[in-house]
Amino acid sequence: MTSSDTNKLAPEFFSRGAIEVAHDLIGATLLVGQAGGLIVETEAYTRTDPASHSFVGRTVRNAAMFGAAGTAYVYRSYGIHWCLNFVCGENETGSAVLVRALEPTIGLELMRARRGLEDARLLCSGPGRLCQALGITGEYNGRRLDQPPFAISGRGESVDVRAGPRIGISRASDCLWRFGLPTSPFLSKKLPP
DNA sequence: CTATAGATAATCT
DNA sequence: GATTATCTATAGG
């Protein structure tokens with residue numbers, strides 16, 4: 001038994017602001033079924049954030065964002081990819097954290113097979129890539145994160161987390177709500193100095 | 001190494 | 001009809 005096995009995140013971990021949760025998730029371990037890794041990059045989206053799906057209020061697509069903290073919000077991106085979010089907030093506030101990149105550590109061969117790639121750096125370095133590697137689809141939308149196939153363990157030691165502007169958005173691009181391990185080779189994009 | 005176009009479909013205006 | 005919380009392949013320096 002390793003320390004990460006005994007360090008499962010409590011549901012209350014997500015009952016805070018998305019920015020705080022996004023920061024604290026860096027270095028945590030995400031496991032989905034038989035594949036997973038270390039979370040090295042996240043982004044926060046809040047209810048009053050023009051770049052957030054929840055900004056316009058509750059819709060069919062973003063309903064999960066207004067659900068309980070500690071559930072998954074999975075949506076289709078650019079008609080092709082899936083993206084995985086962790087719903088946050090104390091009162092079903094419509095805030096969430098986008099999981100943007102993992103350092104793959106568990107189930108490498110399974111993820112290689114799903115991605116059709118060998119290079120570990122390309123397996124999970126991006127929200128769409130990560131979902132393909134972990135087998136995440138729209139069926140996971142609204143599922144609880146503290147129950148199988150999900151398992152999330154907190155980081156053991158403190159890590160160096162750096163913030164930067166979010167990627168791929170056209171509004172509120174001045175918010176530094178992207179967080180990551182600055183030295184990780186598994187980021188979807190380098191963080192600014 | 002950086003830059004850009006194309007894929008592709010649900011969601012939004 | 002336009003936009004999009006992306007990725008890949010390809011072309012160019």
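The chains referred to below are lettered A, B, ... by the order of the sequence lines, with proteins before strands, and numbering in each begins at 1.
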*Rounded to the nearest Å, what distance is computed from the CZ atom of residue Arg76(A) to the P atom of nucleotide dC12(B)?*
15 Å
*For Ser188(A), report the nucleic acid contact type (base, sugar-phosphate, nothing); a contact means any heavy atom under 4.0 Å.*
nothing
_Distance check, rounded to the nearest 0.5 Å: Glu41(A) atom CD versus Ser125(A) atom OG?_
8.5 Å
*Say whether, by atom type as modelled, one donor and one acceptor occur between the side chain of Asn7(A) and the main chain of Gly154(A) under 3.5 angstrom.*
yes
*Give the dot-bracket string for DNA chain B, reading 5' to 3', where a pair is Watson-Crick or G-U wobble with both distances under 3.5 Å, ( ) marks pairs inside the strand, [ ] marks pairs crossing earlier ones, | marks a partner on another strand, and . marks unpaired.*
|||||||.||||.
*On DNA chain C, reading 5' to 3', which nucleotide is the first and which the last to sit with an atom under 4.0 Å from a heavy atom of chain A, could you check?*
dT4(C) to dT8(C)
_Residue met sooner reading DNA chain C from 5', once Leu117(A) and Ile169(A) are mapped to nucleotides_ = Ile169(A)
*When rounded to the nearest 0.5 angstrom, what is the spacing between CD1 in Ile152(A) and OG1 in Thr29(A)?*
10.0 Å
_Verdict with supporting geometry, Phe66(A) and Ser54(A), side-chain contact (heavy atoms from CB on, under 4.5 Å)_ = CA-CA 8 Å; Phe66(A) 293 88; Ser54(A) 61; 3.7 Å; yes
*Report the residue (Leu122(A) or Tyr75(A)) whose heavy-atom-nearest nucleotide on DNA chain C is the more 5′ of the two.*
Tyr75(A)
_Let me confirm one number: the CG-CD1 distance from Asp24(A) to Ile39(A), rounded to the nearest 0.5 Å._
11.0 Å
*When you look at CD of Glu139(A), are more than 12 heavy atoms from neighbouring residues, nucleotides or ligands closer to it than 6.0 Å?*
no
_Pairwise 5' ranking along DNA chain B for His81(A) and Arg171(A), keeping only the more 5' one_ = His81(A)
*Sequence-distant partners of His81(A), ring-ring contact (aromatic ring centres under 6.0 Å, His included), two or more places apart*: none
*So which nucleotide from dT11(B), dT8(B), dT13(B) ends up closest to the side chain of Ile80(A)?*
dT8(B)
*Please work out if Arg115(A) contacts a base, only the sugar-phosphate, or nothing of the nucleic acid, heavy-atom cut-off 4.0 Å.*
sugar-phosphate
*asked:* Under 3.5 Å, is there a donor on one side chain and an acceptor on the other for Arg100(A) and Ser188(A)?
replied: yes
